[in-house]
Amino acid sequence: MAVMKPIASLDIPTGEEWLYEIKYDGFRCVMHWDKDSIRLTSKNGKNLTESFPEIVEFCSEHESTVANFLPLILDGELVVLNTDYQANFALVQQRGRLKDSTRIKQAAEERPASFLAFDIIGLHGTSIEKEPLLKRKETLATVFQQIGKGKTLSFVPGHSNPKQLWDILFDHKGEGLIAKRKNSTYQVGKSHRDWYKIKNWRKLHGFLTTYDSQNNYFTVGIYQGDDVTEIGKCAHGLRETVFATLKELFLTNGEKRGAFYHLPPAICAQIHSLDLYKNELREPAFASLLPHEQPSTMTRKRLKLDMAMLPETIELTNTDKTFWPKPGYTKGDLLTYVREISPYMLPFLKERALTIIRSPDGVEKDFFYQKHLPEYAPNFIERIPAGDNEFLLTCEGLDSLMWYANHGTVEYHIPFQKRASEYPTEIVFDLDPPDRNSFPLAIEAASLLKELLDQLNLISFVKTSGNKGLQIYIPLPEQSMSYEQTALFTQAMAWTIEKAQPKSFTTERMKKNRGGRLYIDYVQHGKDKTIIAPYSTRKTPEATVATPLFWNEVKDGLSPEQFTIHNVPGRVKKLGCPFSDYQLAKQKQQTESILTLIT
DNA sequence: GGTTAGC
DNA sequence: GCTAACCAACGCCCA
DNA sequence: TGGGCG
Ligand SMILES: [Mn+2]
Ligand SMILES: [Mn+2]
C-alpha cells in the first residue's frame, strides 16, 4: 500500500501554514473499512489484518456508528502504546512476527494494539486525497465523533503550537513530531514538500573503532570499565568532506583486517539515535565529531545519562553520589528513574499537596520530612498557600519532579483528596505485615480482600508499598463519598478480615499487641492522612519502588524486593502499567454496594 | 540541598 | 573564602 | 499530655 511519506528533517518548520502531530513508533498502516470487511495493510503491502484481531474486532463492533461513511480508508500508525505519547516499537514488531493465532490472541490480550488514525483518504468509496489536509482532518474528526473515544481506534489530533507539543513529547520521551502543510493534498511517496518528520533524537557520546570499507559504516564504541563495547554502526550525518577525511584516516592509520580497518579509541563523536535496544543503537547517525573530547569519558555511565535525556531546566548536581550503597545506585540513577517513570507517576501526584522524604546524602544517611516549599524554589513549582507565608508542595510536571529528585527526595506521599476538595478520590486499604519475612501474610490478606471486593462488584487495584506490605485501591467517582462514609467502609472491611482469620490479621494499633500478625491499617485512610504514591521510590536499602501490580501477580513468590528503580521502568514498558485503567475505573465504579453496606 | 553565622 | 551548624511534618490515639 | 504509630 503506497502511502505519503514524511521527509526527515532536523528542525521543525514553523509558520501559520503548518500543522503538527505526534509521531508514533509503530507500523505505518492503511485501514480499508467496508461493510463487514476490515483490512490492515502495511506501507510495504504486507497484510497485517490477521496479526491484530483486537483492531478488527473493535471496528466490527463499532461499524454501525460509521455506516454512513463506508467504505472508508484511514491512514495511520499501528502501535502498542506505553503512554498517550509513546509507542513501544519492539512490542508491535514482535506481534507482527507471530504466526500462531492463539499466541496472537494472547498478545492482544496482554498488550492490545491501537490504530492511531492521522488521515482519511477515502470516504464513501471515493478518494479524497485531493482535498486539503485541514479538510481531511475535519472529516476524520467527524468520523471519530461517531466512533467515540476508545484506545483501540483513535484519532491523532493536529496542533498549531509546535513548542507546546514538543515539550509534551520530550516529557514522554516520544519518537518525534510530524509537520504537515495545512493546505497540502495527499501525495503518495516522497516527492513533495508538505510532510516532514522531526525525530526526538537522543544525543550520545562514543568513539569510532572500526571502518567497514564494504559499506562505509563506522563502528561506535564506549568504555565499559576497561573494555570497549560496540553499541552500533553509523554512516550518515557527516558533511561529505568530513566523512572523506575520516575514511582516509582509518584507511591510512587503521589496522587492516579484511575489509575492516581498526583504530584504538581516539576519535570521538556525538551520535543521534532513537533508542538503545538490547545494547544496539536504533537508527544511529553522526551529529558531529568531537575532536576536543577524551575517549576515556565515553563510558557506559555517560551513555546511560545521555539516553535518559534528563531535562535541562535545572542544573542536576552530584549525579555520581551514591544514594543506595547496597545495590550501588547513584543520584544519577534516581534522576534517570524519575524521568523515565514520570508519565506513569505524575497523574497520581497532580493537584495534590505532597509530603516528601528527603535524604540528600543517600538512604543510609540523615533524612527528614518536608511539607512546605522553601522560598528559593523555582517559579515553575505551583504554590498552595498555607498561611504564615508558607506554601505546600505540589508537583504538576516533569520539571518539578526533577527538582524534587535533585533535592534528594526519595519518597513522595500523597493525600487521598485533591487540593481544594473535601472528598476522597479513592479508598485505600493498607496491609502492613510486621516484617519482610511475613510478606506472604500480605498476599493472603490481599487475596481475601479481593474476593470480598469482587463480591461487592468493586473495581480494585493493588500495589506494593515498596516497603513491607501491599495496598489495595478502590477508585471513587468524583465526590461520591465523604471521608465519614469511607471510614465506615474501611473499618467494616478491616473487621471482617480480622474476624475471618484472627490468628493472621489484626486491627490492633499497638505493635507489642500484634504478635506477628498483619496490621490492617484502616486508620491510615482519612483526611490529612497520606500514602506512598504509585511508583515512588522508597528509602529502603534495596531501592525498592511502590509498584502497581496485576492481580494475577499477587501469589506465592511475590516479594517487594523484586521491584526496584533498576527494573521498574522496563517492567512497565514490557507489561504495561497495571494502573493504566485507573481513571476509567474511577468513572465506572459503582458505589451503591458500599453505601448499602454502611447504612 | 541551601542558607547563614562565625572564624 | 571556608566550614560548621542549622533547617526542612503532622495528626490521631490512648495509656 | 506525651509517646507510639504511620
Ligand atoms: Mn501503614
Ligand atoms: Mn548536605
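In what follows, every heavy atom counts, from backbone to side chain, and hydrogens, waters and symmetry copies are set aside. Every chain is numbered from 1 and lettered A, B, ... according to where its sequence line falls, protein lines coming before strand lines.
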Using the P atom on both, measure dA8(C) against dT4(B) and round to a whole Å. 14 Å
Rounded distance in Å - CD (Q471(A)) to P (dG6(D)): 13 Å
Atom-to-atom span, CD of E411(A) to C1' of dA8(C) - whole angstrom: 16 Å
Contact class for F368(A) vs. all strands (heavy atom < 4.0 Å): base, sugar-phosphate, or nothing? base
Checking R302(A) side chain against T299(A) main chain: does a donor-acceptor pair fall under 3.5 Å? no
Quick one: label K468(A) by what it contacts on the DNA or RNA (base, sugar-phosphate, nothing), any heavy atom closer than 4.0 Å. nothing
Is a donor from one side chain sitting under 3.5 angstrom from an acceptor on the other, for D399(A) and T313(A)? yes
Compare side-chain N and O positions of R509(A) against OP1 and OP2 of dG11(C) and report whether any pair is under 4.0 Å apart. no
Rounded distance in Å between the C1' positions of dG11(C) and dG1(B): 27 Å
Length of the CD-P vector between E484(A) and dC12(C), whole Å: 12 Å
Y582(A)-E426(A) side chain donor-acceptor pair, cut-off 3.5 Å: yes
Find which nucleotide of DNA chain C each of R358(A) and D528(A) is nearest to by heavy atoms, and output the residue with the more 5' nucleotide. R358(A)
Classify the side-chain pair R352(A)/T425(A) by whether it contains a donor and acceptor separated by less than 3.5 Å. yes
What is the distance, rounded to the nearest whole Å, between atom NE2 of H525(A) and atom P of dC5(D)? 23 Å
Given dC13(C), dC10(C), dG6(D), which nucleotide is nearest the side-chain atoms of K371(A)? dC10(C)
K511(A) NZ to dG3(D) P, in whole Å, measures 17 Å
Measure CE/M510(A) against P/dG6(D) and give the value in whole Å, please. 10 Å
Between dC10(C) and H372(A), is there an OP1 or OP2 to side-chain N/O distance shorter than 4.0 Å? yes
Pick the P atom in dT3(B) and in dA9(C), then give their distance to the nearest Å. 16 Å
Note: chain A reaches DNA chain B at heavy-atom distances under 4.0 Å over the stretch, first to last nt, 5' to 3', of dG1(B) to dT3(B)
Please classify the nucleic acid contact of K365(A) as base, sugar-phosphate, or nothing, using heavy-atom distances under 4.0 Å. nothing
Donor on one side chain, acceptor on other, K331(A) and N406(A), under 3.5 Å: yes
Test item: side-chain donor near acceptor, H413(A) and E411(A), under 3.5 Å: yes
Rounded to whole Å, the CG-P distance (D430(A) to dC5(D)) equals 15 Å
Check R419(A) with E382(A), please: is the shortest side-chain N to carboxylate O separation under 4.0 Å? yes
Any side-chain N or O of K529(A) under 4.0 Å from OP1/OP2 of dC10(C)? no
Choose from dA8(C), dC10(C), dG6(D) the nucleotide whose nearest atom is closest to any side-chain atom of Q370(A). dA8(C)
Starting from P on dC13(C), measure out to CD on Q524(A) and report it in whole angstrom. 12 Å
Sort out for me which residue in K203(A), Q270(A), H272(A) forms a side-chain contact (heavy atoms from CB on, under 4.5 Å) with S288(A). Q270(A)
